[in-house]
Amino acid sequence: MTATTEDAANAVPDHDNGPGRDHTDLHTTVVDWFDAHARDLPWRRPEAGAWGVMVSEFMLQQTPVARVLPVYEQWLARWPRPADLAAEPSGEAVRAWGRLGYPRRALRLHGAAAAIAERHGGDVPGEHAQLLALPGVGEYTAAAVASFAYGQRHAVLDTNVRRVFARAVTGRQYPPNATTAAERKLARALVPQEAALAARWAAATMELGALVCTARGPECERCPIAAQCAWQLAGAPEYEGPPRRTQSYAGTDRQVRGRLLAVLRDSAGPVPQAALDRVWHEPVQRARALDGLVSDGLVEPLEGGAYRLPQT
DNA sequence: TATGCGTGGTT
DNA sequence: TAACCAAGCAT
């Protein structure tokens with residue numbers, strides 16, 4: 001593969017990521033900051049276990065911590081082990097998901113629990129490859145669970161870490177739209193050698209991005225590495241690059257799906273077609289959205305035109 | 001690689 | 001007040 005413009009644009013100076021470079025001071029500074037400032041989140045407590053970590057990671061995919069907290073607590077109380085969730089219909093997972101958004105995650109978490117019960121004796125696997133094979137688990141989540149729950153050494157590259165590295169190392173206000181090979185390479189180069197430290201580094205860099213090095217209004221005065229931050233040293237230049245397009249929502253199928261599913265979720269039994277028809281005026285889009293929910297396995301059609309959450 | 005996929009708080 | 005943003009994944 002030839003070097004692309006993007007690769008060149010995201011190249012990191014040799015003095016920052018040269019192979020074998022020692023980043024001990026950086027690791028120490030960030031991890032010490034984490035020890036002093038980390039939030040006390042339930043999935044970080046020892047009693048959460050690997051299942052707690054996995055549940056939290058699913059819920060935190062694109063959903064803020066504050067909204068996850070109450071649902072997480074109820075979820076773990078009801079389904080303390082993967083097999084407990086696997087024993088229930090997937091519709092119960094969708095219902096318990098509530099308004100966290102992206103309800104396909106609930107379906108995938110249920111599927112992951114079933115796979116864990118069947119293939120792994122009911123225990124969340126510790127191997128990255130086995131985690132990655134579970135529904136709803138991608139590169140980030142596999143690395144996060146292996147790192148946080150099992151103390152393994154992985155590059156954990158989420159949106160927070162990408163932003164921290166973009167600023168502190170690459171000198172840009174924001175990372176590229178899509179994760180690049182250069183970002184992955186940099187993340188790997190910065191992982192501490194020792195596994196236990198690597199796991200703390202992963203959590204610490206994420207926390208720094210979540211609390212201090214935020215997307216809007218970063219609080220550089222509070223940042224432990226502001227003095228070494230490439231973006232700060234460059235004078236905090238504004239982001240240059242393709243517009244980071246924000247997703248529209250109003251009037252989309254997603255909005256219609258959300259309304260349809262809300263009715264199903266809040267209803268104990270089957271919902272007649274007529275009740276669903278009331279959530280959206282435009283019949284073609286309404287039917288398309290409902291079809292999509294059915295084909296996604298989020299909704300089950302019944303004889304006679306009624307619908308319900310899946311019973312399987 | 002670009003797109004679809006929810007929801008609600010913040011600026 | 002729209003736009004932005006939030007621990008991504010699957011296709």
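Residue numbers begin at 1 in each chain, while the letters A, B, ... track the order of the sequences. As the structure is a prediction and not an experimental result, all values here were calculated from the model.
- Contact check of residues 260-290 of chain A against DNA chain C (heavy atom, cut-off under 4.0 Å) returns no residues at all.
- A heavy-atom distance below 4.0 Å to DNA chain B is reached by none of the residues of residues 157-166 of chain A.
- Taking atom CZ of Arg95(A) as the reference point, atom P of dG6(B) lies 17 Å away to the nearest angstrom.
- Looking at heavy-atom distances under 4.0 Å, Trp43(A) makes contact with a base.
- One distance of note links CD of Gln193(A) with NE2 of His27(A); it measures 9.0 Å at 0.5 Å rounding.
- For Arg259(A) and dG8(B), the CZ to P distance is 12 Å, given to the nearest whole Å.
- dA7(C) atom C1' lies 13 Å from atom CG of Leu100(A), rounded to whole Å.
- Between Tyr140(A) and the choices Val156(A), Thr179(A), Val161(A), the side chain to side chain contact (heavy atoms under 4.5 Å, CB included) rule is met once, by Val156(A).
- When the P atom is compared between dC5(B) and dA7(C), the two are found 22 Å apart, to the nearest whole Å.
- In this structure, the CG atom of Asn177(A) is 12 Å from the C1' atom of dT3(B), given to the nearest Å.
- Ring geometry for Phe165(A) against Trp201(A) counts as parallel: the plane angle stays under 30°, on a 0 to 90° scale with 60° as the upper cut.
- Applying the 6.0 Å contact sphere to CD of Gln273(A) captures more than 12 heavy atoms from other residues, nucleotides or ligands.
- With a 4.5 Å cut-off on side-chain heavy atoms, Leu208(A) and Ile225(A) count as touching.
- Heavy atoms of other residues, nucleotides or ligands lying less than 6.0 angstrom from CZ of Arg308(A) number more than 12.
- Using a 4.0 Å cutoff on non-hydrogen atoms, the parts of residues 53-64 of chain A near DNA chain B are Gln62(A), Thr63(A), ordered by number.
- Between the CG atom of Asp296(A) and the C1' atom of dC9(C) there is a distance of 13 Å, given to the nearest Å.
- Nucleotide dT3(B) holds its P atom 16 Å from the CZ atom of Arg104(A), rounded to whole Å.
- Of the residues in residues 137-147 of chain A, those with a non-hydrogen atom less than 4.0 angstrom from any atom of DNA chain C are Val137(A), Gly138(A), Glu139(A), Tyr140(A), Thr141(A).
- In this structure, Ala215(A) and Leu134(A) both approach DNA chain C, and ranking their closest nucleotides by distance from the 5' end singles out Ala215(A).
- Note that CG of Asp158(A) is 7.5 Å distant from OG1 of Thr205(A), once rounded to the nearest 0.5 Å.
- In the hydrophobic clustering of this structure, Tyr102(A) does not group with Leu107(A); members are Ile, Leu, Val, Met, Phe, Trp, Tyr whose side-chain heavy atoms approach within less than 4.5 Å, directly or through other members.
- The nearest whole Å value for the distance from the CD atom in Gln173(A) to the P atom in dC5(C) is 9 Å.
- A continuous path of ILVMFWY side-chain contacts below 4.5 Å connects Val256(A) to Leu309(A), so both sit in one hydrophobic cluster.
- Side chains of His128(A) and Glu139(A): a donor-acceptor N/O pair is present below 3.5 angstrom, by distance only.
- Nearest heavy-atom pair, Gly52(A) versus Trp43(A), reported as atom, atom and distance to 0.1 Å: O-CB, 4.1 Å.
- Under the 3.5 Å distance criterion, with hydrogens and angles disregarded, no donor-acceptor pair is assigned to the side chains of Arg105(A) and Gln62(A).
- Between Arg44(A) and Gly136(A), the residue whose closest nucleotide on DNA chain C is further toward the 5' end is Arg44(A).
- Cluster membership for Leu132(A) and Leu134(A), using ILVMFWY side-chain heavy atoms within less than 4.5 angstrom, is not shared.
- Rounded to whole Å, the separation between the P atoms of dC4(C) and dT3(B) comes to 16 Å.
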What nitrogen or oxygen pairs link the protein and nucleotides 1-4 of chain C at under 3.5 Å?
unit_1, atom_1, unit_2, atom_2, d
dC4(C), O2, Arg216(A), NH2, 3.2

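- When the C1' atom of dC9(C) is taken as reference, atom CZ of Arg108(A) falls 5 Å away, rounded to whole Å.
- Under the 4.5 Å side-chain heavy-atom criterion for Ile, Leu, Val, Met, Phe, Trp and Tyr, Met206(A) and Leu211(A) are members of the same hydrophobic cluster.
- Partners of Thr28(A) under the side chain to side chain contact (heavy atoms under 4.5 Å, CB included) rule, at least two apart in sequence or in another chain, are Thr24(A), Asp32(A).
- Of all the heavy atoms in Ala215(A) and Tyr174(A), the pair that sits closest is O-OH, 3.1 Å.
- Annotation for Phe148(A) and Ala199(A): closest pair CE2-O, 4.0 Å, computed over non-hydrogen atoms.
- Between Arg67(A) and the phosphate of dT7(B), there is no side-chain N or O to OP1/OP2 separation shorter than 4.0 Å.
- Within the 4.0 Å cut-off from OP1 or OP2 of dT7(B), at least one side-chain nitrogen or oxygen of Tyr249(A) is found.
- Going from the C1' atom of dT1(C) to that of dC5(C) covers 16 Å, rounded to whole Å.
- Counting atom types as modelled, Arg254(A) pairs a side-chain N or O with a base atom of dG6(B) as donor and acceptor under 3.5 Å.
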